[in-house]
Amino acid sequence: METIIIGKPAVNIYLPLQEFPTEGDIFLIKSKNESVGNVGATSACLLAKWGMNVHFTGVAGNDAYAEKIKDTFKTFRVESKFMETDFESSTAVNYHVLNTKTGVVTKVLYNDTESVLKKFKYDFIPNFAIIDGTELAGAHALLNNNGSVKTVFYGRIGDKDSIALSKRTTWSVVTEKFAEMMTKAEIDGSAEGYVNLYQKIVDTSGKSNYIVILNSHKILYCVDGKVKMLPEMKINIVDSSSFDSIFIGALSFALMNEIALDDAIKLANTAAAISLSKIGEVDAIPEIDDVLDNSGLREKLGLAKKENNSAKTPAAIEPLNPNVDVSSVNTLNQTPSEPEGMIAQPNTADANMAFNSTPNNFAPETEMVNNQVPETQQNVVNQFGNPNPVNMPNVEVNTTNQGNV
């Protein structure tokens, strides 16, 4: 499969602090971290590391940061001959103030928006593309010249141009902020609120399939007319900055290998969660064996372990605490503790939450929650306070096998 990734590569500079600074503070740090980042560049390196053939196109300056990006691509065997050099601008740099106690990152992004791609032709016909939303002209040129290419779009801010581009792509993975700006709605944390948000997305989405990365790292999406939510995975977060980039890369890997969307999202979510245990984006890309083992998808997908590659789960990862606040929709039952060092998934009955009362545009349900409601489902409904089924969508728990983690 021929894959092109269109984006703006950057170098992330991480400044670790024990606490978030207030205005006028002075901090002396003895170390800093630099890692190649941004969604397009990180996705390219992940796909190459996981054995895919990928090409990257984007603009960098004529400076040391550009050389670092090219050297990183060379290390991962990402084909970068379509990259362009802007001699009048500098390479994009993201300054990350990292709170080492919480793993939360505050970002200051430098990007010359006038520094964009000028050439849109390749010596191959792409079958698959990742568009990170930073090179709109290059993305539209690709879609205009190759209407059959399958595309994954990442949307961070829902401005008019980005929303228009998202509607032309096959899959659009967007942030909670993007979804709210697109629909002019705010998420209130209720099941009804999530369904209404997704209905508004569908009303204006064109042909694209939307996947929403919520601020809590829960994933909102739709399969066969069911609006679903994949809960977040609780781990020791060292650096929260890599989640979206790793999610996009791993999701694209799954879709390129024609893995069903439920499993593709689970694979991507596991990879993104593992990445949070390290500082950086490209530096935090996990091994495919770690992701397969911790997601429980190896046997289901029939993927053999790589030879001479003993997968080791990052030691910093803690088991999932399945007790989730009711306000965040996912009300999970307590599960037995997991072996030390493993990422624990929600139990088999609880990993995907499907809201049964779906918008009118979706296909009718074949299984009704109110008929023979399993105990787990009833627990969820009761904890919402027995909502009126007319005004509040019931919650159906998808019993997809979640693997032994």
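Keep in mind that the numbers below use all heavy atoms, side chains included, and drop hydrogens, waters and symmetry copies.
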[X] [atom1] to [Y] [atom2] distance, which is reported to the nearest 0.5 Å:
X      : Y      : atom1 : atom2 : result
Phe120 : Thr57  : CZ    : OG1   : 8.5 Å
Asn209 : Ile201 : CG    : CD1   : 11.5 Å
Ile213 : Leu220 : CD1   : CG    : 11.5 Å
Ile274 : Glu287 : CD1   : CD    : 10.0 Å
Leu47  : Met52  : CG    : CE    : 6.5 Å
Leu17  : Thr106 : CG    : OG1   : 9.5 Å

Mind jotting down which residue pairs meet the salt bridge (charged side-chain N to carboxylate O under 4.0 Å, His left out) criterion with at least one end in residues 155-175? Sequence neighbours excluded, please.
none
Could you tell me if [Y] and [X] have a donor-acceptor pair between their side chains, going purely by distance under 3.5 Å?
X      : Y      : result
Gln18  : Thr100 : yes
Asn12  : Tyr14  : yes
Asp188 : Tyr194 : no
Ser275 : Ser242 : yes
Ser172 : Ser208 : yes
Thr113 : Asn111 : no

Taking it one step at a time, do Lys300 and Asp263 satisfy salt bridge (charged side-chain N to carboxylate O under 4.0 Å, His left out)?
CA-CA 9 Å; Lys300 182 175 182 179; Asp263 290 334; 3.0 Å; yes
Heavy-atom pair of closest approach, residues [X] and [Y]:
X      : Y      : value
Ala185 : Leu197 : CB-CD1, 4.5 Å
Leu251 : Ala268 : N-CB, 3.5 Å
Asp239 : Lys278 : CB-O, 3.5 Å
Gly61  : Ala66  : O-CB, 3.0 Å
Val54  : Ala48  : CG2-CB, 4.0 Å
Ile285 : Leu46  : CD1-N, 3.5 Å

Has the side chain of [X] got a donor or acceptor atom that lies under 3.5 Å from a matching backbone atom of [Y]?
X      : Y      : result
Asp25  : Pro21  : no
Asn146 : Leu142 : no
Ser80  : Met83  : no
Tyr198 : Tyr210 : yes
Ser295 : Val291 : yes
Asn269 : Ile265 : no
Glu34  : Val11  : no

[X]: which residues meet the side chain to side chain donor-acceptor pair (under 3.5 Å) condition with it, sequence neighbours left out?
X      : result
Ser89  : Asp112
Ser252 : none
Asp86  : Ser115
Ser90  : none

Assess whether side chain to side chain contact (heavy atoms under 4.5 Å, CB included) is satisfied between Met256 and Lys150, documenting all intermediate values.
CA-CA 9 Å; Met256 290 164 70; Lys150 293 182 178 180; over 6 Å; no
Begin from the C-alpha positions of Leu15 and Leu98 and carry the test side chain to side chain contact (heavy atoms under 4.5 Å, CB included) through to its verdict.
CA-CA 6 Å; Leu15 307 175; Leu98 172 61; over 6 Å; no
Could you check whether atom CD1 of Ile157 has more than 12 heavy atoms from other residues, nucleotides or ligands sitting under 6.0 Å from it?
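Correct, the count exceeds 12.
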For atom CD of Glu2, decide whether the heavy atoms of other residues, nucleotides or ligands shown that lie under 6.0 angstrom number more than 12.
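Counting neighbours around CD of Glu2, more than 12 heavy atoms of other residues, nucleotides or ligands fall under 6.0 Å, so yes.
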ring-ring contact (aromatic ring centres under 6.0 Å, His included) partners for [X], two or more places apart:
X      : value
Phe153 : none
Phe243 : His217
Phe253 : Trp50
Phe20  : none

With a 4.5 Å limit on heavy-atom distance, are the side chains of [X] and [Y] in contact?
X      : Y      : result
Lys218 : Leu230 : no
Arg298 : Asp293 : yes
Thr169 : Ile131 : yes

Dump the intermediate steps for side chain to side chain donor-acceptor pair (under 3.5 Å) on Asp262 and Tyr221, then the final yes or no.
CA-CA 9 Å; Asp262 276 321; Tyr221 65 107; 2.5 Å; yes
Could you go step by step and tell me if Ile187 and Glu180 meet the side chain to side chain contact (heavy atoms under 4.5 Å, CB included) rule?
CA-CA 7 Å; Ile187 298 176; Glu180 289 180 332; 3.9 Å; yes
What side-chain donor-acceptor pairs closer than 3.5 Å can you find for residues 35-44, not counting sequence neighbours?
unit_1	atom_1	unit_2	atom_2	d
Ser35	OG	Glu281	N	3.3
Asn38	OD1	Asn94	ND2	2.8
Asn38	ND2	Lys8	O	2.8
Thr42	OG1	Asn38	O	2.9
Thr42	OG1	Glu281	OE1	3.0
Ser43	OG	Val39	O	2.8
Ser43	OG	Gly249	N	3.4

Where do Ile6 and Leu117 land on the side chain to side chain contact (heavy atoms under 4.5 Å, CB included) test, with the steps shown first?
CA-CA 9 Å; Ile6 304 173; Leu117 285 168; 4.0 Å; yes
Any side-chain hydrogen bond (donor to acceptor under 3.5 Å, both in side chains) pairs touching residues 58-74, not counting sequence neighbours?
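side-chain hydrogen bond (donor to acceptor under 3.5 Å, both in side chains) check on residues 58-74 returns Asp63-Thr91.
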side-chain hydrogen bond (donor to acceptor under 3.5 Å, both in side chains) pairs touching residues 118-134, sequence neighbours excluded, are Lys81-Asp123, Asp132-Thr134
